[in-house]
Amino acid sequence: IGCLSVFSAMKTPSMASEKASAHDFSFRNIDGGQINLADFAGRPLLVVNTASRCGFTYQYDGLQALYERYRERGFVVLAVPSDDFGGQELDTAAEVKDFCAVNFNLDFPMTDITRVRGTDRHPFYAWAEDRLGSGKAPRWNFHKYLVGPDGNLIAAFPTRVKPGAREIAKAVEALLPEG
């Protein structure tokens with residue numbers, strides 16, 4: 001299942017690399033609307049590709065805790081459900097939304113099921129790989145990209161770096177206003 005976005009025609013990394021910042025991208029919302037990353041301008045954003053039936057799905061709890069810890073200071077988590085790694089995502093966005101609500105009580109934004117690797121990946125992921133290099137591209141579910149308030153990529157954290165890890169908290173705190 002692919003993501004339908006306003007940039008769905010953009011499939012090549014070279015086209016994605018023309019974008020100046022993460023704020024130039026949009027995703028289809030899990031409810032069918034649009035999520036414009038420009039709406040998060042001025043706020044740090046953690047973009048995480050997720051899957052409902054993965055051995056790392058427990059990280060949803062950590063993502064929710066991280067969001068709750070910093071959201072009053074402007075921090076946002078964006079979950080990007082993907083079926084790109086081992087077929088570990090549910091079949092529909094509605095199933096993903098229900099699963100996350102029932103099992104994790106998530107209240108941060110989520111996209112529709114989205115490709116994050118391959119030639120037909122979402123342009124944000126092509127752009128991020130272009131900016132940080134192929135070694136920082138998602139290799140599994142729960143890969144995390146930290147986007148600064150200005151829309152620039154700050155860091156990538158691989159799957160095994162849990163949302164509660166000190167290195168993530170330190171990077172997020174450095175981007176937040178005092179409070």
Side-chain angles (χ1 to χ4, degrees), residues 1-8 10-11 13 16 19 21-40 43-64 66-67 75-101 103-104 106-132 136-148 151 153-163 168 172:
I1 298 173
C3 175
L4 301 175
S5 76
V6 295
F7 297 105
S8 63
M10 290 179 33
K11 302 220 185 245
K19 300 297 181 184
S21 84
H23 297 154
D24 294 326
F25 297 97
S26 296
F27 287 85
R28 186 165 173 83
N29 184 304
I30 198 159
D31 294 316
Q34 285 295 117
I35 297 174
N36 299 310
L37 297 190
D39 292 344
F40 303 121
R43 304 167 72 183
L45 172 67
L46 190 69
V47 180
V48 186
N49 63 288
T50 62
S52 301
R53 298 181 296 211
C54 177
F56 293 95
T57 301
Y58 69 87
Q59 286 193 19
Y60 271 134
D61 283 329
L63 291 169
Q64 182 64 34
L66 189 67
Y67 179 59
F75 176 68
V76 178
V77 172
L78 176 64
V80 182
S82 180
D83 198 33
D84 285 356
F85 302 100
Q88 296 183 340
E89 189 50 270
L90 300 170
D91 292 334
T92 68
E95 289 174 315
V96 173
K97 183 178 177 182
D98 289 345
F99 174 85
C100 290
N103 294 291
F104 297 98
L106 301 182
D107 66 349
F108 50 77
M110 295 185 80
T111 73
D112 196 353
I113 299 170
T114 303
R115 294 288 317 237
V116 301
R117 70 177 187 161
T119 58
D120 61 344
R121 68 188 177 254
H122 188 280
F124 170 85
Y125 284 89
W127 173 82
E129 183 176 334
D130 183 62
R131 291 292 185 271
L132 297 178
K136 300 291 184 174
R139 299 203 186 292
W140 199 251
N141 304 308
F142 291 88
H143 179 90
K144 302 149 199 79
Y145 283 118
L146 181 60
V147 177
L153 280 172
I154 303 299
F157 302 98
T159 302
R160 293 198 180 274
V161 177
K162 296 175 184 173
I168 291 180
V172 169

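Counting begins at 1 with the first residue of the sequence. Remember, predicted model here, so these are calculated numbers, not experimental data.
Tested against Arg28 for a side-chain contact (heavy atoms from CB on, under 4.5 Å), the candidates Ile35, Thr111, Asp112, Ile113 yield a single pass: Asp112.
Scanning both residues, Arg121 and Ala126, for their nearest heavy atoms gives NE-CA, 3.2 Å. Contact detail for Ala137 and Tyr145: the closest heavy-atom pair is CA-OH, 3.4 Å. Counting all heavy atoms, side chain and backbone alike, Ser21 lies closest to Gly151 at CB-O, 3.5 Å. The two residues Gln34 and Asn29 have their closest heavy-atom pair at N-CB, 4.1 Å.
Between His122 and Tyr125, the ring planes lie perpendicular to each other; the angle is over 60°, past the 30° to 60° tilted range.
With a 4.5 Å cut-off on side-chain heavy atoms, Arg139 and Thr159 do not count as touching. Two residues are said to be in side-chain contact when any heavy atoms from C-beta on lie closer than 4.5 Å; Pro138 and Arg117 fail this criterion. Using a 4.5 Å heavy-atom threshold, the side chains of Asp24 and Trp127 count as separate. The side-chain heavy atoms of Ser82 and Thr114, taken from C-beta on, include no pair separated by under 4.5 Å. Residues Leu106 and Leu63 have side chains not in contact (no heavy-atom distance under 4.5 Å, counting atoms from C-beta outward). Using a 4.5 Å heavy-atom cutoff, the side chains of Val76 and Phe108 are not in contact. Using a 4.5 Å heavy-atom threshold, the side chains of Pro81 and Met110 count as touching.
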Determine all donor-acceptor pairs shorter than 3.5 Å in which one atom belongs to a side chain in residues 48-57; sequence neighbours excluded.
{"unit_1": "Asn49", "atom_1": "OD1", "unit_2": "His143", "atom_2": "N", "d": "3.3"}
{"unit_1": "Asn49", "atom_1": "ND2", "unit_2": "Trp140", "atom_2": "O", "d": "3.1"}
{"unit_1": "Thr50", "atom_1": "OG1", "unit_2": "Tyr60", "atom_2": "OH", "d": "2.9"}
{"unit_1": "Ser52", "atom_1": "OG", "unit_2": "Glu89", "atom_2": "OE1", "d": "2.5"}
{"unit_1": "Arg53", "atom_1": "NH2", "unit_2": "Gly87", "atom_2": "O", "d": "3.3"}
{"unit_1": "Arg53", "atom_1": "NH2", "unit_2": "Glu89", "atom_2": "O", "d": "2.7"}
{"unit_1": "Thr57", "atom_1": "OG1", "unit_2": "Ala51", "atom_2": "O", "d": "2.7"}
{"unit_1": "Thr57", "atom_1": "OG1", "unit_2": "Ser52", "atom_2": "O", "d": "3.4"}
{"unit_1": "Thr57", "atom_1": "OG1", "unit_2": "Cys54", "atom_2": "N", "d": "3.0"}
{"unit_1": "Thr57", "atom_1": "OG1", "unit_2": "Cys54", "atom_2": "O", "d": "2.8"}

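To the nearest 0.5 Å, the span separating NZ on Lys162 from CG on Leu66 amounts to 14.5 Å. A distance of 8.5 Å separates CZ of Phe25 from CG of Leu37, quoted to the nearest 0.5 Å.
Not counting sequence neighbours, the partners of Ile154 by the side-chain contact (heavy atoms from CB on, under 4.5 Å) test are Leu146, Leu175. Applying the salt bridge (charged side-chain N to carboxylate O under 4.0 Å, His left out) rule to Asp98 yields no partners; only residues at least two apart in sequence or on another chain are considered. Listed by chain and residue number, nothing satisfies the salt bridge (charged side-chain N to carboxylate O under 4.0 Å, His left out) test with Lys136 (two or more places apart in sequence, or in another chain). Taking Phe40 as the reference, nothing meets the ring pair (Phe, Tyr, Trp, His ring centres under 6.0 Å) condition, with sequence neighbours excluded. Applying the side-chain contact (heavy atoms from CB on, under 4.5 Å) rule to Asp107 yields the partners Gln64, Tyr67, Arg71; only residues at least two apart in sequence or on another chain are considered.
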